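Written below as structure tokens is the structure these notes are about.
If you're wondering where the values come from, they're calculated on a predicted model, not measured in any experiment. What you see below is based on every heavy atom in this structure, not just the backbone, and it leaves out hydrogens, waters and symmetry mates.
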Amino acid sequence: TKKNFYSYITLKENKIKGSVYKVKKLYELYQLNESYKHLYLSPQKNEQMIQPLDIIREYYTLNSLAGQSLLIHSQLVRDKALAIAIRHPEMDLDITFIKEAAMLHDIGIFLTNAPDIGCFGEHPYICHGYLGADLLREKGLPRHALVCERHTGTGLTIDMIEEKHLPLPLRDMQPVTLEEKLIAFADKFYSKSNLTREKKISKIRAEMLFHGKDSADRFDEWCRLFL
């Protein structure tokens with residue numbers, strides 16, 4: 001209930017990014033999303049679906065700051081990815097997979113040190129992709145795991161990992177399938193530290209350019225592909 005949710009969140013837990021008010025607003029946004037998701041998330045005939053929320057519950061208390069940051073962000077990414085997929089029937093995208101993988105793409109954040117979103121793990125935040133992928137591979141979800149591993153920025157090459165001395169496994173982490181690219185693209189529009197506002201394309205491109213021209217060029221390619 002809302003009462004239990006508010007009593008669970010303390011000022012100490014959320015002091016870095018404001019107050020309990022912020023978490024209350026996240027909860028209200030989560031409730032709003034839940035109220036209309038049935039309009040477009042009902043499974044198609046004969047579809048076999050996993051339950052992302054059940055997996056999330058294994059690692060997160062849903063009414064914690066980390067749980068709410070993950071849920072709201074993931075729902076926004078899911079909704080944007082689905083809206084784009086619906087506009088492009090010619091791509092023949094796997095809608096069920098997009099629904100699931102978008103909700104799980106950030107499953108590894110609790111293992112990282114990101115206290116502003118309630119995560120107090122030992123790893124740098126950039127590791128959340130491959131850490132989440134490891135969790136999903138253990139659950140027999142290798143395809144979903146690749147979305148976790150490949151969604152950072154517009155993807156990470158081995159050269160990028162070496163040149164920037166990133167604390168990541170030395171393997172190619174660039175999205176390959178259309179579904180992987182779409183979820184990574186949708187993810188760029190939302191920050192977990194500001195869940196109520198969608199980023200403008202110009203801001204996202206500037207962020208990608210900061211990481212190199214190749215990243216910005218890939219983002220431009222995705223804009224032409226999906227928008």
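You'll find the side chain of N113 stays beyond 4.5 Å of the side chain of C119, heavy atoms only. In this structure the side chain of L178 never reaches within 4.5 angstrom of the side chain of D94, judged on heavy atoms. Contact check for C148 versus Y130: no side-chain heavy atoms found under the 4.5 Å cut-off. In this structure, the side chains of L76 and K80 stay at 4.5 Å or more apart for every pair of heavy atoms. Between F226 and M91, some side-chain heavy-atom pair lies under the 4.5 Å cut-off. In this structure, F110 and L135 have side chains that are in contact, with non-hydrogen atoms separated by less than 4.5 Å. Counting only heavy atoms from C-beta outward, the side chains of D217 and R205 approach each other to under 4.5 Å. Contact of the E162 side chain with the L170 side chain is registered, since non-hydrogen atoms from C-beta on lie closer than 4.5 Å.
A donor-acceptor pair under 3.5 Å links the side-chain atoms of S64 to the main chain of G67, judged by distance alone. Of the possible donor and acceptor atoms, one in the side chain of H128 sits under 3.5 Å from a partner among the backbone N and O of Y125. A distance-only check finds no donor-acceptor pair linking the side chain of Y60 to the backbone of L71 [under 3.5 Å]. The backbone N or O of N63 sits nowhere less than 3.5 Å from a side-chain atom of T61 that would complete a donor-acceptor pair. When atom types are taken as modelled, the side chain of D106 and the backbone of I109 share no donor-acceptor pair closer than 3.5 angstrom.
Taking CD1 of I126 as the start and CD1 of I161 as the end, the distance is 8.0 Å to the nearest 0.5 Å. Here the straight-line distance linking atom CG of L146 with atom CG of L136 works out to 10.0 Å at 0.5 Å rounding. Going from atom CG of L168 over to atom NE2 of H123 covers 11.5 Å, rounded to the nearest 0.5 Å. Between atom CD1 of residue I55 and atom CD1 of residue I50 there is a gap of 4.0 Å, rounded to the nearest 0.5 Å. The structure places CD of E179 at 11.0 Å from OG1 of T96, a figure rounded to the nearest 0.5 Å. For the atom pair CG of D214 and CE of M208, the computed distance is 13.0 Å after rounding to the nearest 0.5 Å.
By the 4.0 Å N-to-carboxylate-O rule, K192 lies too far from D187 to be salt-bridged with it. A salt bridge is defined here as a Lys NZ or Arg NE, NH1 or NH2 lying under 4.0 Å from an Asp or Glu carboxylate O, and K188 with E207 fails to meet this definition. Contact check on R137 versus E149 returns a salt bridge, with a Lys/Arg side-chain nitrogen under 4.0 Å from an Asp/Glu carboxylate oxygen.
Of all heavy-atom pairs between V147 and A101, the closest is CG2-CB, 3.9 Å. Between D134 and R171, the closest heavy-atom pair is OD1-NH2, 4.5 Å. When all heavy atoms of T154 and R218 are compared, the pair lying nearest together is OG1-NE, 3.1 Å. Of all heavy-atom pairs between M160 and L156, the closest is CE-CD2, 3.7 Å. Smallest separation of non-hydrogen atoms from P175 and W222: CG-CZ2, 3.5 Å. The two atoms that bring A85 and I98 nearest to each other are CB-CD1, 4.2 Å, heavy atoms only.
Side chain to side chain, H151 and E180 fail the donor-acceptor criterion of an N or O pair below 3.5 Å.
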Evaluation steps, side-chain contact (heavy atoms from CB on, under 4.5 Å), between L53 and L62: CA-CA 9 Å; L53 202 57; L62 296 188; 4.2 Å; yes
Residues E100, M49; criterion side-chain contact (heavy atoms from CB on, under 4.5 Å); working and verdict: CA-CA 8 Å; E100 298 169 350; M49 299 180 70; 3.6 Å; yes
Residues F185, F219; criterion ring-ring contact (aromatic ring centres under 6.0 Å, His included); working and verdict: CA-CA 7 Å; F185 179 67; F219 179 72; 5.6 Å; yes
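Clustering ILVMFWY residues whenever any of their side-chain heavy atoms sit less than 4.5 angstrom apart, transitively, puts I201 in a cluster other than the one holding F210. Note: the hydrophobic cluster containing V176 does not contain M173 (ILVMFWY, side chain heavy atoms under 4.5 Å, direct or indirect links).
The aromatic ring centres of H105 and H73 sit less than 6.0 Å apart. Here F97 and H144 bring their ring centres to under 6.0 angstrom of each other.
Remark: K199 fails to qualify as a cation-pi partner of F189 under the 6.0 Å distance and 45° angle criteria applied to the six-membered ring.
More than 12 non-hydrogen atoms from other residues, nucleotides or ligands lie less than 6.0 angstrom from CD of E58.
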